[in-house]
Amino acid sequence: MDPATRRTHPHPAPPGSAPIDVLVVGGGHAGVEAVLAASRLGARAVLLTFRADRIGEMSCNPAIGGLGKGQLAREVDALGGAMGLATDRTGIQFRMLNTAKGHAVRAPRAQSDRHRYREDVTAQVLAAPGVEVVEGGAEKLLVDASGARPRVVGVVLADGRELRAAATVLTTGTFLSAVMHTGEVVTAGGRVGEAAAGGITADLRALGLVTGRLKTGTPPRLASRSIAWERLEEQPGDASPTPFSLRTDPAHFPVLRQVSCHVTWTNPRTHDVIRANIHRSPMYAGRIEGVGPRYCPSVEDKVVRFADKDRHQIFLEPEGLDTDVVYVNGLSTSLPAEVQEEFLRSVEGLERAEFLRHGYAVEYDFVQPFQLDPTLQLRDVPGLFLAGQINGTSGYEEAAAQGLVAGANAALWARDDAAFVLERHEAYTGVLVDDLTVSNPTEPYRMFSSRAEYRLTLRHDNADARLGDVAHAIGLVDDATFAFYRARRERVASARALLRSIRSPEYGHRTLEEVLARPDVSFADVAALDERIAALDLPTDVATGVEADVKYAGYAERQRKDVERLRRQEHTEIANDFDFAGVNPPDVALLAIHLERSRRQRSS
């Protein structure tokens, strides 16, 4: 079917009265993007979730983006996803991180009103053509064993109902055989107030899949009225914030009132209390089998592993405009409730802190992601796709990117269409998927810009230019959105052409493009040199992209040649005695250089 036809066909019959193309299990960030991607491709899709009022829930921190993660969120948006729009409509603080560093490592981050975010995402799901939401828990996988390989054809719900589908996407988050730990107290569940998913792990193992156990944690929530805000360091957002989504109208952004976060620090007294009770931590007491994220350690880990530091930073982040709840970022803990209260009240500004929820750790099952192919379908189990924390990852943005890839590919697979695969040089999403399909994680995976060897060209500001064509070709974005992407590219091209044609007497009659290539010159500086550049009146994000393209032009060309060389060398024979142990995907470019050097030495 022609992509344009798929994008404009009438709403299909609801899945309750017609065969289901794609069944998505789990209503978190991965599940939302999966079911919406399937819908945009014309699939009849069902979203199965424990609670329909928790679709898109921000289970941990009320924020989107950050280093590496902001690039993923922008890519999800460029591919037509929900995350960017929801963030822009519900954001209460927007900041561009790393502005003092190069364009390649800058990244957007937004603090959201978590309740409004959930409501916005839920509304997007309910409005999607061909999507039905079903409440319930998946207890078993439906498997067709009649072929050469077992094929998953749906799930059995706890009440005995069956949901059968051509393709099934599991986005179970932290709920597989999940238990929550607060000191010595252990409770079944993947999130406060919600049950665990019990039976699916056994079915996955019965299919021959290798599973593991991981752990994550969440900090306490405090009452805003109990915090001495005047004694803390204020952290405001950007004066002129940049939207996450290209589909957001800058003239009506930001939508909500903007607020500040605040910073405080732990101290030696805090650390003394933690050390005195470290034996009561479930991790240190040996009650938790799973490994937690090294890059986001609990406060217990910080005190033990960084014993030379006498303080650690804490960010106090409001969870919304109409709530008194404050998220204590940087203080993840699973110590007993009374210990949490004692050490947290030793922190400046929190001496009279009122706890609305204590911190806890969650331990859950996951599937080793090396068993996936690049579409996020299991290689040996046709019809079963996985996305999010079930693949050993951590973070809303990583989950959303995987959900979009899995949901789109599930819809394409269901109708026997070509797969949707992004390569490492095309997107952070391609890096994420590629890393997962060759990994055997021992801790939750998160995205960093250092994982992307082509990060100079995989910037947050050019996601639409990189991904717009493929997104439109398969139907992930509609004609109107693609026309907007194309218009942005044309504005960039026009600006580049003008920069090449104008010379500046102040800089030795160099072209303005040559002037902008200097590290100490910004696009605003160049615009001030000539009224024709100023007259372009480029939006901030477009001007930033033009500046980055000019400054990185030489490096980008070098990376393009690196990609071509690596493609030619994909079938290069590696000598038996060549030592490639410990080589990660970002090191492959260096490996190619060493291989070429080795070849030349042998030939000489």
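Starting from 1, each residue takes its place in the sequence as its number. In what follows, every heavy atom counts, from backbone to side chain, and hydrogens, waters and symmetry copies are set aside.
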Can you find a pair of side-chain heavy atoms, one from [X] and one from [Y], that are under 4.5 Å apart?
X	Y	result
F253	T242	no
H262	F315	no
Y327	C60	yes
V405	T429	yes
L232	V263	no
Q368	F366	yes
M96	P108	yes
N462	R459	yes

For [X], all residues meeting salt bridge (Lys or Arg N to Asp or Glu O under 4.0 Å), sequence neighbours excluded:
X	value
R496	E513
D469	R489
E319	R114, R221

Where is the tightest heavy-atom contact between [X] and [Y], given as atom of each residue plus distance?
X	Y	answer
G66	L97	CA-CD1, 3.8 Å
V169	A34	CG1-CB, 4.3 Å
L458	A452	CD1-CB, 4.4 Å
A82	L36	CB-CD1, 3.6 Å
V76	L404	O-CD1, 3.8 Å
L476	A408	CD2-CB, 4.2 Å

Given Y445, which of D435, L214, N391 fulfils the side chain to side chain contact (heavy atoms under 4.5 Å, CB included) condition? D435
E531, CD: over 12 other non-hydrogen atoms inside 6.0 angstrom: no
Look at atom CZ of F370 and say whether more than 12 heavy atoms of other residues, nucleotides or ligands are closer to it than 6.0 Å. yes
Gap between atom [atom2] of [Y] and atom [atom1] of [X] - 0.5 Å precision:
X	Y	atom1	atom2	result
F244	M83	CZ	CE	9.0 Å
S332	D301	OG	CG	9.0 Å
S504	L512	OG	CG	6.0 Å
R89	L85	CZ	CG	5.0 Å

[X] (side chain) donor-acceptor with [Y] (main chain) under 3.5 angstrom:
X	Y	value
E557	G554	no
T457	Y454	yes
T171	A387	no
Y485	L467	no
S39	A128	no
T266	H312	yes
K309	K302	no
Q93	A63	no
D373	Q377	yes
T122	I55	yes

Kindly write out the residues that satisfy ring pair (Phe, Tyr, Trp, His ring centres under 6.0 Å) with F306, not counting sequence neighbours, or none if the list is empty. none
Those residues that, when tested against H115, pass ring pair (Phe, Tyr, Trp, His ring centres under 6.0 Å) (two or more places apart): none
Would you please test V521 and V526 for side-chain contact (heavy atoms from CB on, under 4.5 Å) and show each step? CA-CA 7 Å; V521 177; V526 169; 3.7 Å; yes
Which pairs pass salt bridge (Lys or Arg N to Asp or Glu O under 4.0 Å) with one or both residues in [range], sequence neighbours excluded?
range	answer
residues 97-112	R109-E317
residues 58-78	K69-E397, K69-E398, E75-R466, D77-R247
residues 533-548	R488-D541

Between the side chains of [X] and [Y], is a donor N or O closer than 3.5 angstrom to an acceptor N or O?
X	Y	value
T174	Q389	no
T375	N409	no
D478	H472	no
T264	E233	no

Angle between ring planes, H29 versus Y117, binned at 30° and 60°: parallel, tilted or perpendicular? tilted
The complete set of ring-ring contact (aromatic ring centres under 6.0 Å, His included) pairs with one or both residues in residues 499-531, sequence neighbours excluded, reads none
Would you please test V546 and L538 for side-chain contact (heavy atoms from CB on, under 4.5 Å) and show each step? CA-CA 10 Å; V546 171; L538 297 182; 4.3 Å; yes
Mind checking what makes side-chain hydrogen bond (donor to acceptor under 3.5 Å, both in side chains) contact with [X], not counting sequence neighbours?
X	answer
R532	D530
Q71	none
Q258	none

Begin from the C-alpha positions of S260 and Q235 and carry the test side-chain hydrogen bond (donor to acceptor under 3.5 Å, both in side chains) through to its verdict. CA-CA 6 Å; S260 292; Q235 186 186 66; over 6 Å; no
Determine, for F448 and R446, whether the Lys NZ or Arg CZ falls below 6.0 Å from the six-membered ring centre while staying within 45 degrees of the axis. yes
Could you check whether R455 makes a cation-pi contact with Y428, meaning its NZ or CZ is under 6.0 Å from the centre of the six-membered ring and within 45° of the ring axis? no
Would you please test Y396 and M58 for side-chain contact (heavy atoms from CB on, under 4.5 Å) and show each step? CA-CA 8 Å; Y396 305 154; M58 302 179 101; 3.5 Å; yes
List the steps, then state whether side-chain contact (heavy atoms from CB on, under 4.5 Å) holds for W229 with V326. CA-CA 12 Å; W229 295 104; V326 175; 3.8 Å; yes
